[in-house]
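Before any comments, here is the structure.
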Protein chains: 2
Amino acid sequence: MMTDLERKRLLYKIARAYYDDSLTQQQIGDRFGLSRVKVSRLLREAREDKVVQIMIASPLGSNADLERHLEDAYELKEAIVVTCSSLKTGVIVNELGRVGAACLARCLQGHEVVALSWGTAVLSVVNALPSLDLPDVRVVQFLGGLGEVEAETHGAELARRMAQALGAKPRLIQAPGIVKDKVIHDALVTDPQVTDTLELAARADVALVGIGVFEPGSTLLSSGSTLTAAEIKELKANGVTGDIALQFFDADGRKVDHPINERIVGTDLERIKGIKRVIAVAGGAEKRSAIRAALRGRLINVLVTDDHTAKWLLE
Amino acid sequence: MMTDLERKRLLYKIARAYYDDSLTQQQIGDRFGLSRVKVSRLLREAREDKVVQIMIASPLGSNADLERHLEDAYELKEAIVVTCSSLKTGVIVNELGRVGAACLARCLQGHEVVALSWGTAVLSVVNALPSLDLPDVRVVQFLGGLGEVEAETHGAELARRMAQALGAKPRLIQAPGIVKDKVIHDALVTDPQVTDTLELAARADVALVGIGVFEPGSTLLSSGSTLTAAEIKELKANGVTGDIALQFFDADGRKVDHPINERIVGTDLERIKGIKRVIAVAGGAEKRSAIRAALRGRLINVLVTDDHTAKWLLE
DNA sequence: TTCATTACTGAACATATGTACACAATGACG
DNA sequence: CGTCATTGTGTACATATGTTCAGTAATGAA
């Protein structure tokens, strides 16, 4: 009753009217004597039959493909791949910080709780943050302070500065990140100031984290830290590939059980995983395996990294 | 605060998520940390900036361009241009009938009033009509019968056959289309059977008409008709270029006032113009000027014609 | 400094769109 | 000649979308 050509012709006309002339389906129906529902179905058919083709131009100089593949491969909400001008860790971290900051700022609307870990990657994001005025936003530490108290990579300092940049309220943890033994840990955890803050962090809307590794140059090792060489060796022997906010995980991103966990004043990995938007900023060859582990374990859902690392993560 | 490349990248991602992955704007918002409204605006921006391009493939072998230009030039709801295999009037009319029938059938839903004129073009549509079952549709004549009563181009016969094909109810006008003088006309018009039917025709949802000309071969002239050669000559002298259902119009499609109008038992041109969907089926070189006149006067809003005529109408 | 202008925002609303459903028509197959 | 699956239909509804609006920040001119 309707030849193939006639049908195609109709599909063409309707598609044209809809997409080019932006008529509503109702208007198209009135015009061609069809019910609105039929127009809807014909439009679907036109898309399916490729009478309508929608092309999306990937911006030049972006790594759109890499990003998309990463998103698909690791179920990320978003991957941002930056083409870095150098392979030096310092340069990479700096450039990642810029886009990480934009990515973080983009999703702040005014009433969020933002949790953060510590480290150079987080620092570079904080440094690149635009100054905003979000008085109802709260910036919370994921874990107690680490590193030299005066250093700018110190957790409390980072949280304070981020809050300042955002015009937001900081919520600090007045305790170290690692304590000597379980007794001290348990004592600290009875302090409502500490527990309330950790509770708030666990319920954060957005998290900004780095990914830690036990490699020679890492901040954790060089920060005159409370973690001894022996302890680190033992953690590695237990399969620890990396950490996020001192929550240690293996090559598949699974939490590694170890007594040292009982000395960490911080937010449990499972609770971090439950946060809607966990933005990890990490790049450079040293971190590859740890990043892959975090991705495999679905510990994060937004990754900001460099192009070399991205390629490696996909091979 | 957001570089141009970052913005483009965002547009790309959002466009991709929307058009390729068919996420809703809400889902995209949740994923990228944006409000739904913002996603809506970014998508618009992506279309405007040609990050998203929508291409519609015109079916091969169709005259999509011609049709579109006709629609634009004459404010048509639809133009259908058929590439005819011959220039012979008979062949053209036949092929137009096929697509005209599809076009008519397409817009019948079940409760319409369909009005029709007469002539070979209308006949060929009626012949090509699929058989349907639309008991609540009514088929009404625009004007009294014309031509030999037994001939299949006769108005009443056409209406009857169309009604039969559609499984619909015919509503015939038991009177001639042209009468001898105004007295007879006025007498007929007091007959409620006639006036009610004409009233119904004027309120039709869809109309199917041919376009008449006073050329040597035309049906009107050769039908041993009630219109004398002298009358025709006079009409032409008055600027009549063509007719639709015996409503005469000039080269601009304006009604031509002439005493002969008072002898026509039919529906006034203005009322025909008011019908939502007036489908004209007409082609061939002889009818060019008349078709153009009807188009100029916006007397019809759907035109089914051949490619040669279409080109001529656009030059 | 002040003030006007502009650009952005999300909430609330009005529209537009997709889809589940019931129902009718068709055609294949026993 | 049923009867079963298939196809196609519009209605009614749930959802998705675009847009107006009022409020607020950013910008720039006086």
Side-chain angles (χ1 to χ4, degrees), chain A residues 1-4 6-7 10-11 14-15 17-49 52 54 102 104-112 129-137 165-168 205-206, chain B residues 1-4 6-7 10-11 14-15 17-49 52 54 102 104-112 129-137 165-168 205-206:
Chain A
M1 188 235 109
M2 196 165 183
T3 75
D4 200 45
E6 278 167 50
R7 187 162 196 83
L10 185 60
L11 291 183
I14 286 175
Y18 189 73
Y19 289 105
D20 285 356
D21 306 340
S22 18
L23 302 185
T24 69
Q25 297 184 354
Q26 185 64 62
Q27 289 171 315
I28 296 172
D30 293 345
R31 180 159 169 183
F32 292 96
L34 303 163
S35 75
R36 190 191 59 73
V37 176
K38 205 161 182 174
V39 174
S40 179
R41 294 200 251 250
L42 287 169
L43 281 170
R44 189 221 312 268
E45 194 181 331
R47 286 187 298 262
E48 283 168 356
D49 293 4
V52 172
I54 299 180
L104 175 63
R106 202 180 61 200
C107 70
L108 295 180
Q109 191 216 316
H111 300 279
E112 291 82 5
L129 236 30
S131 71
L132 301 172
D133 179 27
L134 304 167
D136 293 340
V137 163
L166 300 179
D205 301 290
V206 196
Chain B
M1 184 233 115
M2 196 167 183
T3 75
D4 200 46
E6 277 169 48
R7 187 162 196 83
L10 185 59
L11 291 184
I14 287 176
Y18 190 72
Y19 289 105
D20 285 355
D21 306 340
S22 14
L23 302 186
T24 70
Q25 297 185 354
Q26 185 65 62
Q27 289 171 315
I28 297 172
D30 293 346
R31 180 160 168 182
F32 292 96
L34 303 163
S35 75
R36 189 190 61 73
V37 177
K38 206 161 184 174
V39 174
S40 179
R41 294 199 251 250
L42 287 169
L43 281 170
R44 190 220 312 268
E45 194 181 330
R47 286 187 298 262
E48 283 167 357
D49 293 4
V52 173
I54 299 180
L104 175 63
R106 201 179 62 200
C107 69
L108 294 180
Q109 191 218 314
H111 300 279
E112 291 82 4
L129 237 29
S131 71
L132 301 173
D133 179 27
L134 305 167
D136 292 340
V137 162
L166 300 179
D205 300 291
V206 196

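For the numbers below, each heavy atom of this structure counts, side chains included, while hydrogens, waters and symmetry mates do not. None of the values given here were measured: they were computed from a predicted structure.
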Quick one: [X] [atom1] to [N] [atom2], roughly how many Å, whole number?
X        : N      : atom1 : atom2 : value
B/Leu166 : C/dA25 : CG    : C1'   : 17 Å
A/Leu34  : D/dT11 : CG    : P     : 14 Å
A/His111 : C/dT9  : NE2   : P     : 15 Å
B/Gln27  : C/dG18 : CD    : C1'   : 14 Å
B/Gln109 : C/dA24 : CD    : P     : 15 Å
A/Arg44  : C/dG18 : CZ    : P     : 8 Å
A/Leu134 : C/dG10 : CG    : P     : 11 Å
B/Leu132 : C/dA25 : CG    : C1'   : 12 Å

Exercise. Go through the steps to decide whether B/Glu6 and B/Leu10 satisfy the test side chain to side chain contact (heavy atoms under 4.5 Å, CB included), and finish with yes or no.
Key: CA-CA 6 Å; B/Glu6 277 169 48; B/Leu10 185 59; over 6 Å; no
Answer yes or no: does a side-chain N or O of [X] lie under 4.0 Å from OP1 or OP2 of [N]?
X       : N      : result
A/Tyr18 : C/dT17 : yes
A/Gln25 : C/dG18 : yes
A/Ser40 : C/dG18 : yes

Quiz item: For A/Arg47 and B/Tyr19, does a side-chain donor sit closer than 3.5 Å to a side-chain acceptor?
Solution: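 Judged by distance alone, the side chains do not pair up.
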[options]: which one has an atom nearest the side-chain heavy atoms of [X]?
X        : options                : result
B/Arg36  : C/dT19, C/dG18, D/dT19 : D/dT19
B/Asp133 : C/dA25, D/dT19, C/dG10 : C/dA25
A/Val37  : D/dG10, C/dT9, D/dG18  : D/dG10
A/Lys38  : D/dT17, C/dT17, D/dT9  : D/dT9

Quiz item: Closest heavy-atom contact between A/Ala168 and A/Val137?
Solution: CB-O, 3.1 Å
Practice problem: Just do the side chain to side chain contact (heavy atoms under 4.5 Å, CB included) check on B/Ile54 and A/Asp20 with the steps written out, would you? | Solution: CA-CA 8 Å; B/Ile54 299 180; A/Asp20 285 356; 5.5 Å; no
Quiz item: More 5' along DNA chain C: A/Arg47 or B/Arg41, using each one's nearest nucleotide?
Solution: B/Arg41
Quiz prompt | Pairwise 5' ranking along DNA chain D for B/Leu108 and A/Ser131, keeping only the more 5' one | solution =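 Nearest-nucleotide comparison on DNA chain D picks B/Leu108.
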Quiz prompt | Residues B/Leu23, B/Tyr18; criterion side chain to side chain contact (heavy atoms under 4.5 Å, CB included); working and verdict | solution = CA-CA 5 Å; B/Leu23 302 186; B/Tyr18 190 72; over 6 Å; no
